[in-house]
Amino acid sequence: MYRRTFLSAAVFSNFVRAQSRAIPEAIQKLKPMTAGVQPITGQERAARIEKARRLMRENKIGALFMEAGTSMYYFTGKRTPGTSWVLPARGEPIWIEPANDAVRAAQAFQARGVVTGKIGIEEQVAFGAYDAIRKQAPALEFVSATPVTAGCRMIKSPAEIALLQHANDVTIEAYKAGLATLYEGMTHTELAENIQAAYRALGYAGAVGVTFGKLTAFPHGSIMPQKLHEGDVVMIDDGVRVEGYQADITRTTVFGKPTARQREIWSLERRAQDAALAMAKPGNTCESVDAAARKVITDYGFGPDYKVPGLPHRTGHGIGLDGHEWTNFVRGNKTRIQPGMCFSDEPTISIYGEFGIRLEDCLYITEDGPRTFSKQSPAIDQPFG
């Protein structure tokens with residue numbers, strides 16, 4: 001589950017402290033994992049543009065408008081701040097600088113022969129930019145570009161899957177090193193700093209959320225100060241980016257010897273994760289995957305639906321250049337699963353006042369079914385397969 005990160009004085013202070021303290025031995029032993037990474041080629045990006053144009057014609061969209069962000073990067077390989085990009089259904093794309101120059105955007109549409117009809121607005125475009133363009137081009141109809149952008153981005157190529165695989169491999173190595181540094185009284189921020197240091201030692205940057213004890217019941221963690229004690233549940237979540245492609249892995253274990261209750265709920269979570277994985281086959285609906293995981297949990301007596309104790313959120317989300325992207329394993333999503341789609345599988349069990357358990361492994365769909373990027377955890381006291 002991807003976590004939003006906000007810069008604050010406390011975060012900066014933690015970063016400075018991390019630079020000044022000794023690096024644990026488990027992290028010192030790590031070696032860079034940067035060899036063999038193959039960036040997306042210009043030829044593949046050109047093929048993406050042609051697919052987008054086909055989808056534009058199918059949806060009767062004359063041009064797409066997008067600002068700097070992951071969709072622009074997906075098609076162009078550029079993240080230039082302060083620019084926007086127009087992709088017409090016919091003719092060469094046009095760059096606009098500054099990004100919010102509505103007059104130039106309207107002129108770009110006209111230059112490519114789009115004077116009436118539909119303009120697709122990419123979902124990350126700021127409302128102010130859209131509103132200004134709309135006023136400059138009142139004869140045009142503005143619609144969501146998602147059928148085109150998601151229609152392209154939901155289906156990953158072998159090159160994208162290879163980058164996602166590498167991001168997951170790196171993240172697992174960092175997690176192993178980080179969990180080897182646990183000790184009584186450790187703060188959750190210190191563990192996060194150790195995992196960040198492991199990312200850097202492996203040659204990458206990334207994010208990580210760390211939660212201890214009762215606060216693991218909150219799916220997005222907590223900013224409350226936390227210290228590790230014998231018997232606490234430990235949850236770590238997130239991952240690195242490789243060429244922009246995001247890993248997202250959660251491991252949940254216990255510091256010390258797990259109780260019978262912790263083992264029981266961890267095993268329930270694993271069965272729910274397995275049920276989702278078994279349902280994630282080509283042709284099945286995305287909502288059927290969520291239903292399969294949720295049934296395991298409600299049959300145990302939790303829930304029902306999204307109630308806690310139980311599973312309070314969707315079972316999984318799409319993943320690629322964004323930590324959360326189209327489409328999702330969630331109730332009501334009747335999208336059919338196709339080869340090339342990538343998802344997280346993370347049916348959290350939250351028990352407020354006790355603890356939470358989440359096992360998250362991302363997967364990609366093949367003609368023969370799902371394949372996980374990371375080996376699933378075999379046991380609560382064995383977080384790595």
Side-chain angles (χ1 to χ4, degrees), residues 1-2 33-55 64 66 68-79 85 87 122-124 145-173 199 202-207 238-249 277 280-282 286 289 316-329 335-346 360-375:
M1 177 173 290
Y2 187 70
M33 293 178 64
T34 53
V37 174
Q38 297 295 322
I40 300 299
T41 64
Q43 183 178 13
E44 180 161 330
R45 293 193 194 278
R48 293 172 177 180
I49 288 174
E50 290 311 305
K51 180 177 180 179
R53 285 177 161 154
R54 175 176 60 79
L55 293 173
L64 302 184
M66 58 190 74
T70 49
S71 285
M72 181 190 286
Y73 179 73
Y74 175 84
F75 289 110
T76 70
K78 297 180 180 179
R79 297 182 183 271
W85 189 65
L87 175 63
E122 199 270 339
E123 62 184 321
Q124 297 177 9
T146 298
V148 177
T149 55
C152 290
R153 291 178 56 181
M154 277 195 301
I155 308 299
K156 271 63 177 183
S157 69
E160 290 180 285
I161 288 172
L163 291 170
L164 285 163
Q165 182 65 68
H166 196 75
N168 280 265
D169 292 345
V170 172
T171 300
I172 286 292
E173 291 306 309
Y199 291 160
L202 293 164
Y204 296 92
D238 228 316
V240 302
R241 290 180 182 271
V242 175
E243 291 291 317
Y245 286 85
Q246 174 75 48
D248 194 3
I249 301 172
L277 188 63
K281 296 177 180 178
C286 287
V289 178
H317 54 78
I319 192 163
L321 289 171
D322 285 312
H324 286 179
E325 61 180 51
W326 299 97
T327 188
N328 302 296
F329 291 150
T335 302
R336 296 285 175 179
I337 297 169
Q338 301 177 52
M341 288 182 168
C342 296
F343 301 91
S344 70
D345 178 4
E346 49 174 318
E360 178 183 16
D361 295 277
C362 288
L363 58 96
Y364 60 99
I365 305 297
T366 74
E367 295 285 352
D368 298 323
R371 300 287 185 271
T372 57
F373 288 108
S374 46
K375 292 182 180 179

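Quick note: numbers below take in every heavy atom, side chains included, and nothing from hydrogens, waters or symmetry partners. Predicted, not measured: the structure shown is a model, and the values here were computed from it.
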* Minimum-distance pair of heavy atoms, taken over all atoms of Met33 and His166 -> O-NE2, 2.5 Å
* Say whether, by atom type as modelled, one donor and one acceptor occur between the side chain of Tyr73 and the main chain of Gly244 under 3.5 angstrom. => no
* Asked: So do Cys342 and Leu164 actually touch side chain to side chain, heavy atoms under 4.5 Å?
  -> yes
* To do: Start with the C-alpha gap between Ile337 and Cys286, add the side-chain angles, then the distance that decides, and say whether side-chain contact (heavy atoms from CB on, under 4.5 Å) holds.
  => CA-CA 6 Å; Ile337 297 169; Cys286 287; 4.1 Å; yes
* Structure fact -> Smallest heavy-atom separation, Cys152 atom then Tyr74 atom, equals O-OH, 3.3 Å
* Structure fact -> In this structure, OH of Tyr204 is separated from CD of Glu243 (nearest 0.5 Å) by 8.0 Å
* Does the side-chain contact (heavy atoms from CB on, under 4.5 Å) test come out yes or no for Phe373 and Asp169, once each step is laid out? -> CA-CA 8 Å; Phe373 288 108; Asp169 292 345; over 6 Å; no
* State, with a plain yes or no, whether a side-chain heavy atom of Asp345 is found less than 4.5 Å away from one of Asp361. => no
* **Derivation and outcome, side-chain contact (heavy atoms from CB on, under 4.5 Å), residues Ile155 and Met341** => CA-CA 5 Å; Ile155 308 299; Met341 288 182 168; 3.8 Å; yes
* Distance, nearest 0.5 Å, that separates CD1 of Ile161 from NZ of Lys156 -> 9.0 Å
* Asked: Taking only residues two or more places apart in sequence, or in another chain, which ones meet Ala159 in a side-chain contact (heavy atoms from CB on, under 4.5 Å)?
  -> Ile40, Glu44, Ser157
* Over all heavy atoms of both residues, which pair between Asn328 and Phe343 is shortest? Give the atoms and the distance, please. => N-CE2, 4.4 Å
* Glu346 side chain to Gly316 backbone, donor-acceptor under 3.5 Å -> no
* Would a distance-only check, ignoring hydrogens and angles, find a side-chain to backbone donor-acceptor pair under 3.5 Å from Arg371 to Leu363? -> no
* To do: Could you grab the distance from atom CD1 of Ile319 to atom NE2 of His324, nearest 0.5 Å is fine?
  => 7.5 Å
* Asked: Short question: side chain of Tyr364, backbone of Gln165 - any donor-acceptor pair under 3.5 Å?
  -> no
* Can a donor-acceptor pair be found between the side chains of Ser71 and Glu122 at a distance below 3.5 Å? -> yes
* Of all the heavy-atom pairs spanning Ile49 and Leu87, show the shortest one and how long it is. => CG2-CD1, 3.7 Å
* Ignoring hydrogens and geometry, is there a side-chain-to-backbone donor-acceptor pair from Arg241 to Leu321 under 3.5 Å? -> yes
* Is there a side-chain contact between Trp326 and Arg153 (heavy atoms, below 4.5 Å)? -> no
* Of the non-hydrogen atoms in Val240 and Ala167, which two are nearest, and what is the gap between them? -> CG2-O, 3.4 Å
* Asked: What is the distance from atom CG of Asp248 to atom OG of Ser344, rounded to the nearest 0.5 Å?
  -> 6.0 Å
* Gap separating the CG atom of Asn168 from the CD1 atom of Ile249, nearest 0.5 angstrom -> 4.0 Å
* To do: Measure from NZ or CZ of Arg48 to the centre of the six-membered ring of Phe75 and say whether it is under 6.0 Å with the direction within 45° of the ring axis.
  => no
* **Contact check, side chains of Trp85 and Leu64, non-hydrogen atoms, under 4.5 Å** => no
* Report yes or no: does His317 contribute a side-chain atom to a donor-acceptor pair with the main-chain N or O of Gly323 at less than 3.5 Å? => yes
* Structure fact -> Output for pair (Lys281 NZ, Thr366 OG1), nearest 0.5 Å, gives 11.0 Å
* Asked: Is there a donor-acceptor contact under 3.5 Å linking the side chains of Asp322 and Thr70?
  -> yes
* Is the number of heavy atoms from other residues, nucleotides or ligands within 6.0 Å of NZ (Lys51) greater than 12? -> yes
